[in-house]
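Here the structure is laid out as C-alpha cells; the discussion comes afterwards.
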Amino acid sequence: MAAHRIESGTEVRLVDVDPDATDGWDDGKKAARARLAKLRGKLADLQHLLWADGRHRLLVVLQAMDSGGKDGTIRNVFEGVNPQGVRVASFKAPTSTELSHDYLWRVHEKMPAAGEIVVFNRSHYEDVLVVRVLDLVPQERWERRYEHINAFEQMLADEGTTILKFYLHISREEQAERFRSRLDNPKKRWKFNAADLDHRRRWDDYMTAFEAVLSRTSTPDAPWFVVPANHKWYRDLVVAETLIETLEGLDLRYPSAEPGIEEIVVT
Ligand code: AMP
Ligand code: MG
C-alpha cells in the first residue's frame, strides 16, 4: 500500500496512474470485502488506543473529482469506529463569513484535538483546485497558496498532528458511469448537481490542478497517496490499510494506571 505514497519532490503525471489498478490484491472483490471487515475491527481498536493514549491527533484528507468516492470511503472505512472518536468535516463553497477571512481560517478550527481522528471531505486543497480551475481568485494569489499550505501543515505536524492525504483517482469514463447511475436511481438522484457537469467539462484542467497539488504539497510529514479508485473495494482497502499502518507506527500506549491500583478493592 506504501506504493501509492507520493515521495516529496516527485512530479506526478496522472495519465501514468491506472485508476483501474488493484496492485497487490489478486484475490478479487469478495475476499477484499472480507479483509476490509477485519481491518475495520482493527481500526476501531486503534482508534480506542489513540483516544486513551491522548498524545496524538490524526487528520485524514480526502479529495477527488465529483463521484470519486469520498463519501463512500468514509462510510465503508469508518463504519464500526466509535463515533465519539471520529469527526467528519465537509467543506462546501465558502459562506460570505468564511470568504471574509483568509482561506485557512475555516479549516484550522476543524482540526483534530488530542486523541481524535478527523476526516476532511474536501479541504483547503479546494483553494488550489476549484479556485484555480474556475479562476475564483487571480493566479498571483492561488500560486502562493502551495507554500502557505506546506507551512501550515508543517506547523500542525510539528505540534503533534499526523496527516494523511488521499487523492481518489477515477477515470473520466468511470465518472460518466457514476453520474448515469445517480440520474437513474431515485435514491441517488439528489446527489446529482447540474454544476457537476461544468466541472466534468473541465476534466483536463482539474487533472492539471491535481498534478500541481500532488507534486508540490506531498511532504514527509503530510504525504499524499494517489489511490486507484475505479474499484471501490480496492480504494477502501488502500485507505484502511494506510490508516492502520500509520496508527501502528505511532507507538500508542494505554496510560499506566494510578499507583496502588492493585490494592483497590471495590466493595
Ligand atoms: P459536494 O462535496 O458535492 O457537496 O460539493 C461541494 C462543492 O463546494 C464542490 O463543488 C466544491 O468544489 C465546492 N467548494 C468547496 N470548497 C470550495 C472553495 N474553497 N471555493 C469554492 N468552492 C468550493
Ligand atoms: Mg457533489
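Because the structure is predicted, anything quoted here is derived from the model rather than measured. Counting begins at 1 with the first residue of the sequence. All values below were derived from every heavy atom in this structure, side-chain atoms included, with hydrogens, water molecules and symmetry-related copies excluded. Note that ligands are numbered from 1 as they come in the structure, with each ligand's atoms numbered from 1 the same way.
Screening Glu147, Glu153, Glu211, Glu143 for a salt bridge (charged side-chain N to carboxylate O under 4.0 Å, His left out) with Arg216, the sole residue that qualifies is Glu143.
Closer than 4.0 angstrom to ligand 1 by heavy atom are Phe91, Lys92, Ala93, Pro94, Arg106, Arg122, Glu126, Asp127, Val130, Val131, Leu136, His199, sorted by chain and number.
A salt bridge is defined here as a Lys NZ or Arg NE, NH1 or NH2 lying under 4.0 Å from an Asp or Glu carboxylate O, and Glu174 with Arg172 fails to meet this definition. Under the 4.0 Å criterion applied to side-chain N and carboxylate O atoms, Asp251 and Arg253 are assigned as salt-bridge partners.
A 6.0 Å sphere centred on CZ of Arg33 holds more than 12 heavy atoms belonging to other residues, nucleotides or ligands.
In this structure, Arg145 forms a cation-pi arrangement with Tyr103, its terminal cationic atom sitting closer than 6.0 Å to the ring centre and no more than 45° off the ring axis.
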(message) As a quick check of understanding, evaluate side chain to side chain contact (heavy atoms under 4.5 Å, CB included) for Trp203 and Met65, giving each step before the final call.
(response) CA-CA 9 Å; Trp203 186 272; Met65 294 296 286; 3.6 Å; yes
